[in-house]
S.K.: 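This is the structure, below, for whatever I ask next.
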Amino acid sequence: MTENERDAALKSDYIRDLVAADTASGRFDGRVQTRFPPEPNGYLHIGHAKAICLDFALAAEHQGVCNLRFDDTNPSTEDVSYVDAILEDLKWLGFTPASVFHSSDYFEQLYEWAEFLIMRELAYVDDQGPEAVAEQRGGFGRPGVDSPFRSRSTDENLDLFRRMRAGEFAQGSRVLRAKIDMQHENMQMRDPVMYRIREETHHRTGDSWSIYPTYDWAHGQSDAIEGVTHSLCSLEFSDNRELYDWYLSQLPIEGPLPYQTEFARLELTHTVTSKRQLKELVTAGVVDGWEDPRLPTLRALRRRGYPASSIRDFCAFIGVARTNARHDVELLESFVRTELNRSSLRRMAVLKPLKLIITNWPTDADGMPVTDDRTLANNPENEDDGTRTVPFSNELWIEHDDFKMEPPPKYFRLSPGREVRLRGGYLITCTDAVCDEDGTPIEVRCTYDPATAGGAAPDGRKVKATIHWVDAKSAVDGTVALYERLFATKSPGEDTGQPIDDLNDESRTLMEGCKLEPALANTRSGQVVQFERLGYFAADPDHKMLFHRTVGLRDEWARLEKQAKGQ
RNA sequence: UCGGGGAUCGUUCAAUUGGCAGGACAUCGGGUUUUGAUCCCGACAAUGGAGGUUCGAGCCCUCCUCCCCGAACCA
């Protein structure tokens, strides 16, 4: 548990208050058990992370358990590949479920309970198709009407239901429905479907079932079977709660029954967090698959370099509420920066290289420029991270943005006549620059002060800027992917209903031919380092020398430039 | 239209359950600095509206407005 998570544990919210009240009253003998119940039909994203953190934290705060349960009741959309991915992502996020269950583990028990309801005249087989059922359901403020099959005899229902199971009927031809109240004000209670016929192979039960339980019929009962006490879910299930309770109350289940509590799902600015919308982005080819670093899926965030702990801290910090809210993605990024600032090693990389020549650099006996091995701290925030050696010579790469022939106001960096510090190197003074016909600088010429090795001047004189650099001879080439917001607007699709209309065309910029200091050739796959003065960058796990910008550093100069432009 | 839920600084989460509306992020200003980073200090800024109860209302009551969810054999 990080500090932030501990702090959150001390906080109270309406869910923690409920749980505390239950433990105090002995409702579940003081037991707290939760579950994270994903459907294996998509990849986990930041929204799931909120639910995961909540489910696990709540259990942990009361020495309870949190299980993972795959809600695999619909073989048409589910697949093992998602099961594996969810397991992997959950582990990466830092959580280990006490047990891994599947709703399909309970198919036989659910079936028995369904027969039980039939015998109590609380369920019936409806021979109608989906259209007729929907038609009879009524609408908002408009009561439904009873199905013509509603009052079948128990024997006929039992016979039909068993034949449904045996696979005698075609998909869509019949369903089993709970007999509740077609006039109920809550649409969920208007004789909801419990079983539908599916001629599909289930990823775990194979072809042994022809009928599959619906979410409502499976969920609460699965909770009860596992001994769940607090069943947390998102707000859109509020209306299902009444049905959740109804099913449990009709069944012969011993002991205190689990109950459902809802909370608002997480939304973030400039992105989407719905499986459907994410899938659209992937299938439309807007992004390169589910792992594209611009996506809010956990595997994408991992590739991008977001530390799992920063996601956990973020989730703990935002807490839980019933308000539909869209959190500023900058808040998430501030947690990422905080973590990476203390944990990432510092390196130097030049993304837009500009040649810099030191004209008074010493040569050896053969007339070749000498190489000076500079020693730089790996992380000034943490001395234990040690130092590294960075070669320095007469030919260097600096950032294009760090030199201007004619410096604008408040620009502290290099320009003719100016002295700046090369980080960890020397103080240099620009003497002149070579430009191409457009006036774009192509080579900067400087002299260095030999007395300033390491970057400090013995006479105590100050320079206003320190810039980063990479020695040209020893530099290694790399590719850097720069990311901006995937969507240009805070709430994608707010105007047109189509998030895709709000895409940011410049969400990814590939920088080829970047010049990196030699140590970066040894970056571990997935490792996140800070490119000094630029941001945090994650080494791609599959492609050597490809780095993804996790998040940029705060940039005062960029702010000033923007301000100047705005005027 | 009916049912359910919600509304507090720009954003988001708080407010000891009726007692000086607080934090974080963002923004703005300043200090430190061999990263215009980090760090530190300061500032800005809110109870959707109208009534009512009360010594006292973000909190309780009434009415209004706005937002979200719900009419899959999805979850």
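Labels below follow one simple rule: chain letters A, B, ... track the order of the sequence lines, proteins then strands, and each chain is numbered from 1. Computation of the quantities below employed the complete heavy-atom set of this structure, encompassing side-chain atoms and omitting hydrogens, waters and symmetry-equivalent molecules.
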S.K.: If only side-chain N and O atoms of A/Arg190 are considered, is one of them under 4.0 Å from the OP1 or OP2 phosphate oxygen of B/rG70?
M.R.: no
S.K.: What contact category does A/Ala134 fall into here, base, sugar-phosphate, or nothing, at under 4.0 angstrom with non-hydrogen atoms?
M.R.: sugar-phosphate
S.K.: Should A/Arg533 be listed as having a side-chain N or O under 4.0 Å from OP1 or OP2 of B/rG36?
M.R.: yes
S.K.: Is any side-chain N or O of A/Arg554 closer than 4.0 Å to OP1 or OP2 of B/rU27?
M.R.: yes
S.K.: Look at the side-chain N and O atoms of A/Arg196 and state whether any lies under 4.0 Å from the OP1 or OP2 oxygen of B/rA75.
M.R.: yes
S.K.: Looking only at the side chain of A/Arg198 (C-beta and beyond, no hydrogens), which of the listed nucleotides B/rC73, B/rG70, B/rA37 gets closest?
M.R.: B/rC73
S.K.: For the side chain of A/Leu331, counting heavy atoms from C-beta on, which of B/rA37, B/rA24, B/rG36 is nearest?
M.R.: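 Selected nucleotide: B/rA24.
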S.K.: Starting the side chain at C-beta, find the nucleotide from B/rA75, B/rG3, B/rC28 nearest to A/Gln563.
M.R.: B/rC28
S.K.: Have a look at A/Asp239 and say if it touches a base, only the backbone sugar-phosphate, or nothing, with a 4.0 Å heavy-atom cut-off.
M.R.: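 Since a base atom lies under 4.0 Å of A/Asp239, the category is base.
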S.K.: Does A/Gly535 reach a base, just sugar-phosphate, or nothing at all? Heavy atoms under 4.0 Å.
M.R.: nothing
S.K.: State which residue, out of A/Trp217, A/Trp209, A/Tyr111, fulfils the side-chain hydrogen bond (donor to acceptor under 3.5 Å, both in side chains) condition with A/Tyr195.
M.R.: A/Trp217
S.K.: Rounding to the closest angstrom, what is the interatomic distance between B/rC59 and B/rU53 at atom C1'?
M.R.: 14 Å
S.K.: Are A/Arg374 and A/Tyr426 in a cation-pi contact, defined as NZ or CZ under 6.0 Å from the six-membered ring centre and within 45° of the axis?
M.R.: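 Relative to the ring axis of A/Tyr426, which defines the angle, A/Arg374 lies inside both limits.
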S.K.: When you compare the ring of A/Phe140 with the six-membered ring of B/rG70's base, are the centres less than 5.5 Å apart and the planes under 30° from each other?
M.R.: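 A/Phe140 ring centre within cut-off of B/rG70 base, planes near parallel; stacks.
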S.K.: Can you tell me if the side-chain N/O atoms of A/Thr323 get under 4.0 Å from OP1 or OP2 in B/rC68?
M.R.: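 False: A/Thr323 side-chain N/O out of range (4.0 Å or more) of B/rC68 OP1/OP2.
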S.K.: Look at all strands and tell whether A/Thr269 reaches a base, only sugar-phosphate, or nothing, counting heavy atoms closer than 4.0 Å.
M.R.: nothing
S.K.: So do A/Gln136 and A/Arg190 actually touch side chain to side chain, heavy atoms under 4.5 Å?
M.R.: no
S.K.: Is there a donor-acceptor pair under 3.5 Å between the side chain of A/Thr496 and the backbone N or O of A/Gly493?
M.R.: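 No: the side chain of A/Thr496 does not pair with the backbone of A/Gly493.
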S.K.: What contact category does A/Ala456 fall into here, base, sugar-phosphate, or nothing, at under 4.0 angstrom with non-hydrogen atoms?
M.R.: base
S.K.: Quote, to the nearest angstrom, the C1' distance that separates B/rG48 from B/rA71.
M.R.: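 One C1' to the other, the span is 30 Å.
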S.K.: Is it the case that B/rG36 (base atoms only) and A/Arg413 (side chain only) share a donor and an acceptor within less than 3.5 Å, ignoring hydrogens and angles?
M.R.: yes
S.K.: Look at all strands and tell whether A/Arg142 reaches a base, only sugar-phosphate, or nothing, counting heavy atoms closer than 4.0 Å.
M.R.: base
S.K.: Let me know, please, whether A/Arg346 or A/Arg326 comes out on the 5' side of the other along RNA chain B by nearest nucleotide.
M.R.: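 Residue closer to the 5' terminus by nearest nucleotide: A/Arg326.
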S.K.: Would you check if the side chain of A/His48 reaches a backbone N or O of A/His45 as a donor-acceptor pair within less than 3.5 Å?
M.R.: yes
